[in-house]
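Just below is one structure, and these are the notes that go with it.
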Amino acid sequence: MEREHGEKGAGANTPEGERGHFIKQIIEADLAAGKYDGRVVTRFPPEPNGYLHIGHAKSICLNFGLARQYQGRCHLRFDDTNPMKENREYVESIKADVRWLGFDWEEHEYFASDYFDRLYEYALKLIKDGNAYVDSLSPEQIREYRGTLSEPGRQSPYRNRSVGENLELFEKMGQGEFAEGQCVLRAKIDMASSNVVMRDPTLYRIRNKAHHRTGDKWHIYPMYDFAHCLSDSIEGITHSLCTLEFENNRELYDWILDKLDAYHPQQIEFARLNLSRTVLSKRKLIRLVDAGYVDGWDDPRMPTISGFRRRGYTPASIRNFCDRIGVARRDSMVDLALLEHCVREDLNKNAMRVMGVLRPLRVVIENYPENETEMLTAINNPEDESMGTREVPFSRVIYVERGDFMEDPPKKFFRLAPGREVRLRYAYFIRCTDVIRNEAGQIVELRCTYDPATRGGNAPDGRKVKATLHWVSAAHAVQSTVRLYDHLFTEENPAEKEDFEACINPESLEVISDCMLEPGLADAPAEARYQFERLGYFYADHKDSAPGRPVFNRIVTLRDTWAKIQKAQKGKA
RNA sequence: UGGGGCGUAGUCAAGCGGUAAGACACAGGAUUUUGGUUCCUGCAUUCGGAGGUUCGAAUCCUCCCGCCCCAGCCA
């Protein structure tokens, strides 16, 4: 539909009647004012010192999404200014994760380290203009001189070295003539500033360590505040988006670009993502891996991109989630249920339905002929007719879910019980006639009868049953390992707890090795996703599946109103 | 006790002086060969609090309260 007047809306890129989040509003205002000549250039600037998590996904979707919406571009820039912590392995994993999420930076792959020469020139200019000096105070002294939040700092005795001396010292720093910590380059701003960031911040420090990209060329490396604004400037970024904790740094971002008279992008801060029942701080994530609470960075319980991928989440569901959570400036905690809703929504439409019994209970259908097998037609996806049908074998002995039978069923339990009739999906009505136990008294088998007239699942006499069960023919079943994942933490906000490790969910993983699946699943290719009817969505693990022997990860359960009723009944009792 | 931010439902989040969108969650109901899906219905007389301006305030002003960030040679 065409816009009639431009006065109320936010421009051609935002739906009628909507203004979009505050960053879109800023961009649209800039566009309308002709700022940046109508360009929109954003960037995603990870430090290659760890794996990306769902919080980074928010930033990736925001930056790449904005570039797409306004026909601009988004750069992938590695903020690799600290050789002590960064390495190539991380840059590769980050690239793989961004690609998997569905974004393409085309030729715009950059590294702050590519700019080290230009950054050095900029530093020289600052020194020449009297805006930076080499300080020979020790790290401890610098801290003492900085003052506190409520008291101003003091000037370093080295603050008024001559330009010539500063130039000479800085050059020597670059040549490796000093030890780490012996001196730093500082901006000469204001030791009494109420913004602590502005109390002569460090611009360069000495690191006698090879860098993963520049080798041993440098002995000095720029700090974030110096490298970041200038990298943005060099790349012609228009809107430099970052999280709220960098708000105090914006004054320095602006100061550096102003003093250097450089092209000046604008920094805009937004709130980072917090997700319930997990942690997203790098430190805590590392702890989970190192302490062995999980099996690596891509453990399906990890909130990392690689973890969600391994769990079976789709890129589209994560993108959709990032669109729905919004972009604002207030701290918030998004309910994990929203993410789960997003995968279910995607998979409900797209995943093939299949039958698999996780906890098998043997059922013998006494009036069904021995040694007979018949093929029954099952629908692959009721949400998408084009996905067609398949044939599944039925025979005298089948497995049903143990939880679908109760000897003494409570109210509202509609499934199988002694004497009760239910439907086997796509097959027949069966009635339970007997319960077989072992010596220990445990139920090991059910005896049932079937009604041949109900083939396919309908009774010609119009008789109704209250439940439909999934099942697998015992003789044809493929035995498989399935892992059931649950929330990693029992607390809503584990990061807030004094000891977050104490609220790790001891039941976050259950491995079942004797699941019985319908025969077609033997050929499930790695990375395939299915809905196991009545149970949930499952993913053929790309690491542990072998040809003919898939291993499944439960992505998420189906919504389960029966479980809710049970919970409510327990609560009452 | 310095400075910078932020407070709208259980959780996110629109709202930009004209009388509280939407989503998730939750609770009912209908349909259903998945206790799934889908579809209806309900869910803020009030926007952290108190004053003020105005015919009219979540939106403007004042004061108060609460939460987050900053004292790395990390990013």
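Note on naming: letters A, B, ... go to the chains in the order of the sequence lines (proteins, then strands), and numbering restarts at 1 for each one.
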Tell me what A:Arg425 touches on the nucleic acid: a base, only sugar-phosphate, or nothing, going by heavy atoms under 4.0 Å. base

A:Met333, nearest nucleotide to its side chain (from B:A71, B:C12, B:C69): B:C12

On a whole-Å scale, what distance lies between the C1' atoms belonging to B:G29 and B:C43? 15 Å

Nearest-0.5 Å distance that lies between atom CG in A:Leu424 and atom CZ in A:Phe429: 10.0 Å

Mind checking A:Asn458 for me? I need base, sugar-phosphate or nothing, with any heavy atom below 4.0 Å counting as a touch. base

Could you measure the distance from the SG atom of A:Cys322 to the CD1 atom of A:Ile318? Nearest 0.5 Å is fine. 7.5 Å

A:Arg277 (side chain) donor-acceptor with A:Thr490 (main chain) under 3.5 angstrom: yes

Compare the ring of A:Tyr224 with the six-membered ring in the base of B:A75 and state whether they stack (centres under 5.5 Å, planes under 30°). no

In A:Gln267, A:Arg77, A:Gln266, the residue satisfying side-chain contact (heavy atoms from CB on, under 4.5 Å) with A:Asp232 is A:Arg77

Does any N or O in the side chain of A:Asn380 come within less than 3.5 Å of the main-chain N or O of A:Met387, such that one atom is a donor and the other an acceptor? yes

What residues in residues 346-361 of chain A put a non-hydrogen atom under 4.0 Å from any atom of RNA chain B? A:Asn348, A:Arg353

Give, ordered by number, those residues of residues 173-181 of chain A having at least one heavy-atom distance below 4.0 Å to an atom of RNA chain B; if nothing qualifies, reply none. A:Gly181

Pairing partner of B:G66 (Watson-Crick or G-U wobble, both distances under 3.5 Å): B:C6

Hunt down the Watson-Crick or G-U wobble partner of B:A57, both distances under 3.5 Å, from any strand shown, or write none. none

Taking N and O atoms by type only, does the side chain of A:Glu383 place a donor or acceptor under 3.5 Å from a partner on the base of B:G36? yes

Rounded to the Å, how far apart are A:Leu273 CG and B:A13 C1'? 14 Å

Options B:G72, B:A14, B:C74, nucleotide nearest the side-chain atoms of A:Glu47: B:C74

For a quick check, tell me whether the side chain of A:Asn195 and the base of B:G2 share a donor-acceptor pair closer than 3.5 Å. no

In a check of side-chain contact (heavy atoms from CB on, under 4.5 Å) between A:Leu273 and each of A:His53, A:His56, A:Lys58, which one passes? A:Lys58

Base paired to B:U46 (Watson-Crick or G-U; both N/O distances under 3.5 angstrom): none

Where along nucleotides 18-29 of chain B does protein come under 4.0 Å, by heavy atom, of base (B) or sugar-phosphate alone (S), with - for untouched nucleotides? -----SSSSS--

Classify the nucleic acid contact of A:Val184 as base, sugar-phosphate or nothing, counting any heavy atom under 4.0 Å across all strands shown. base

Only pairs with both distances under 3.5 Å count, Watson-Crick or wobble alike; so what is the partner of B:A20 in this structure? none

